[in-house]
Amino acid sequence: MATSVGRRKTPNYQLRRTLSHTAIYLVLVLGAILVFVPFAWTISTSLKTEAQTLKSPPEWIPNPVQWQNYPDALTARPFGRYYKNTFIITILSVIGQVLSSAVVAYGFARFRFPGRNLLFIIVLTTLMIPFQMLIIPRFILFKELGWLDTFLPLIVPNFFGGAFSIFLLRQYFMTVPLELDEAAKIDGANAFQRFWSIMLPLARPALGAVAVFEFMSTWQDFLGPLIYLSSDRNYTVSVGLAAFRNDYFTAWHLFMAAAAVAMLVPLVVFFIAQKYFISGVTLTGAGGK
Amino acid sequence: MSETVYRKKRFNLFRPGTWSASQAEAVSGYLFISPWIIGFIIFVVGPMIGLAWLSFHRWDLIGDPRFVGWRNYERLFSDKLFRKSLEVTILYGLGRVPLGVIVALATAILLNQKIKFVGFWRVIYYLPVVLPPVAVSLVWTWIYNPRYGVLNGFLNGLGLPSVSWLDDPNLVLPSLMIMAVWGAAGRNMIIYLAGLQGISKDLYAAADIDGATPWTRFWRITLPLLTPVIFFNVVTGMIDTFKLFTQAYVMTEGGPQNQSLFFTYYLWRTAFQEYRMGYASAMTMVVMVIIIILTLIVFRSSKAWVFYEAEVKDGK
Amino acid sequence: MKKQTILYSLAAAMVLGLFTMVSAQEIKWFMRWDNARVEAVANPVMEAFTAETGIDVEFENIGSSSDYYTKLTTTIAGGTAPDVFYPATHVAYRLASKGAMLTLNDLIERDGIDLAQYEPAILDLYTIDGNIHCLPIDTAALVVFYNTDMFDAAGLAYPEAGWTWDDFLETAQALTIDENDDGRNDQFGVDNFRNYWPMVVWSNTGQGLFDDIRNPTEFLGDSDDAVASVQFVGDLITKYNVMPTDEDRADISDLFAASKAAMQVVGHWRVPRYMAAEGVNFDLAPLPVGKTGVPVNRADGSCFGISAKSKNPEAAWELVKYLAAPGALGVDILLDRQQMTPVISDFKTDDRFLNPEILPGVNKAAFLAGTESLNSMYDPIHPMYSAFDSLWKQELGQVWNGDATAEEAMVLISTQVADILANIEDYE
């Protein structure tokens, strides 16, 4: 946070400062309201009757309050199953991504070898290429492997390191003093032991950041599951939600109930792990510098 | 991997003396990064070669691919929709990216004043970032609903006429931009905030002694020191617009009048609805070239902003 | 010793035989129905089928058609296609022309299926070079649903066969009401059927949009009558506003079901929805006639076909017959559940179709009108349709919102279509 900038504090200045601070708080509150309106509208609609959703001008207060919308929406399609699928995919992806990226990042951070800089630049370059560009050949690859309509296309690539995670972890590993490694080396620890028992425990904040980012990106992914999964029983929450919208017509009260629940899981994860998010984003920003 | 076990084998990579220290280090390094190398070959290089190969073929997934030479590329030039999709995507990026920078930077600057509960505000503004895009798209479709949506309800309440947000070809992109800024501003705000907090207080102190107003301090100190981060965000933001898919799929189906026919959506439609795999591949190749050019710009200008590059050169 | 060997081999042969019998008797059936239909139709059909034939059916269903076709295509490409599937007209054509569907001629002949029972124009859609590759079950015939209460309230006579598009417009105008005079209509004469604009073209020109639906070489949609037809549809929206704009619709997919439109142009598949809609009393009228004076209707529909790679074509054929051959039990069940406009002539006269108990007094014969001139909405059924489809959606969008005249839009469409037709092999 900004500290004193060494300005002489005249009464006039104090007044100006109080005024401008009030203005700042006002703007911040206004911004927070803007952030919250869509949430409030979602919750409000999710508790209305269908008839009330089709009132113009729209009403904010659900009357009567229709809790039944939630069970109705969640059973209109097998959302329980979608959540289970999404959790399986997400958790395995997170494990794969964190482990493999940490290993690779350690390689880049702690060893000298020919071509390292070039390879690392390639890692960064792949960061720039949206995977969306490769949907066709990857689809064909997974078709040939017989992986279509399984979770494998969504999980397995995560076990080979992600460019962003590698970058983030490498940045963090480089801040860990080399002396620790040297000490372990003298004690006879091999490279993998040094990685596993020295580096990983120290890098917990960065690993946490990578884990939450991977959690979010897998949870949010839509195009991947849309293309690779075709059976209803394999759908993720996002694909199920989109399909739900397609098979009903104007059940906005139900859509909003389903959307509210779909937003709940990432929000809970965010509140539990927010420090990892913030530190992770900050690390990314440091990369931008 | 205990060394004693390997010592007895006839071919032993790990026997002392087989490698010099630097060679051993290199081997370990390669071993550590091997997962990435393997993944890169299987999931990036392979598909890229496949993509290039397919782009010279005609294939609908069912028959055998037929070689057509440059034909797919030639056809691209007369494809109005392809041009439209590039136009829409770039137009969107040109609006959305600066808008996002302004909102995020303004919020970050506000939070960088001496205010209380910075952590609280940060969390609030970051909230939308974590939400699944499909759910967000559904919610905003309903917000933008021309008759029953809360936005037109609000406008009407102020005595203003209704607007047909997503149904109006001229408004669909701005509407999607507003939604995107709502969803993503929090993320960049945190990056800028970190950048702002990294600026040395001495600079401001010196400026104060010179009698600088807050305005000149912003233009002379804050902004120049943040430009690397902003620039980085702008370029990656432009590239990100080529990923846009969910909004088009859930909210607009590319319409009205293809005014939200984002590239990835058009790609998906051509490949997975029309089964023109070869043509869609050619389309992708062209966009890849565009993205590579953008990427090159980033790296060319790296002197201005890359700090990890220096670190790589330093070794450790 | 020898005896034992013989015994063993006999036992082995029996076991083997049992296995092959079991595996021979299972087929995979892949559908794209909504859950209600799966329960009401697919499940009873399968039960009855397995009871009768001893063939087990593994059933898979995907509700969304576009997902269904994606999966169908990828499983065919990957060699794991289901045995029996259910493509719409243009998809059947695409798959069959690639050799992905079994030719049924020999089986039809062997089992003496009476092809004369099928509407010739419909059967023709599933025939390539004399080879039938799919047995149709229904047509996607369109009718005008109308809300009788709204007609009564407006003091209007119910529409009758032979009414013209002018009558239609007049009726729609009388049914369009702005209740609170805020300048926005609250009840519309007819819900938006703009995507069925080719149907208006057929009625006025007597022909489809292309010279040949299989091998299109010329676009006919830019004739004066065709352009006037498109303009008519556009005028319904922008000039008369008897048909809602997108903004009027406000994401409500069916204004007729919501009692906000007095008429709806759609097919049989919406019947269950309107029956369930609260306070909607409806009856049916045939489509209005156009300049040619000949009633027209839509030909498309769905059919049951067999994968060319099916390991068990005989069992698959049993199921197809059960579902789509004249006199078959499955067809009876399908029909009884009110699911479609039948394509087999026996059923067209069946009381269970014409006068079902659940829809008393409703003029269901309206679905059968227009057989004199049946046309495909997927015009052409050639695979270039999808390109044409996005093309007209783009250009006609300007007509629907009043930014362009039909003539301007059709000029644009026709130049782009000419380009597609000149390079048609790119779309195959």
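Residue numbers begin at 1 in each chain, while the letters A, B, ... track the order of the sequences. Being a predicted model, the structure only gives us computed values, none of them experimental.
- Annotation: ring pair (Phe, Tyr, Trp, His ring centres under 6.0 Å) contacts of Phe215(A) (sequence neighbours excluded): Trp219(A).
- Remark: Ser165(A) pairs with Gln97(A) by the side-chain hydrogen bond (donor to acceptor under 3.5 Å, both in side chains) rule, at least two apart or across chains.
- Contact of Phe192(A) with chain B is made through backbone and side chain together, with heavy-atom distances under 4.5 Å.
- For a residue to count as touching a neighbouring chain, one of its non-hydrogen atoms must lie under 4.5 Å from one of that chain's; by this rule Ile42(B) touches chain A with backbone and side chain alike.
- Of the two parts of Leu264(A), neither the backbone nor the side chain holds a non-hydrogen atom closer than 4.5 Å to a non-hydrogen atom of chain B.
- Within the 4.5 angstrom heavy-atom criterion, atoms from both the backbone and the side chain of Leu119(A) approach chain B.
- Contact annotation for Met133(A): both backbone and side-chain heavy atoms come within less than 4.5 Å of a heavy atom of chain B.
- Contact annotation for Phe154(B): neither backbone nor side-chain heavy atoms come within less than 4.5 Å of a heavy atom of chain A.
- Heavy-atom distances place the side chain of Phe245(B), and not its backbone, under 4.5 Å from chain A.
- Only the side chain of Ile291(B) comes within contact range of chain A, with heavy atoms under 4.5 Å apart.
- For residues 22-29 of chain A, heavy-atom neighbours of chain B at less than 4.5 Å comprise Ile24(A), Tyr25(A), Val27(A), Leu28(A), Val29(A), sorted by residue number.
- Heavy atoms of Ser217(A) lying under 4.5 Å from chain B are absent altogether.
- Contact annotation for Val129(B): only backbone heavy atoms (N, CA, C, O) come within less than 4.5 Å of a heavy atom of chain A.
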Per-pair distances, 0.1 Å, donor-acceptor, side chain in residues 46-55 of chain B, under 3.5 Å, sequence neighbours excluded:
| from | atom 1 | to | atom 2 | distance (Å) |
| --- | --- | --- | --- | --- |
| Ser55(B) | OG | Ala52(B) | O | 2.7 |
| Ser55(B) | OG | Tyr73(B) | OH | 2.6 |

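- When heavy atoms are compared at a cutoff of 4.5 Å, Phe43(B) approaches chain A by way of both its backbone and its side chain.
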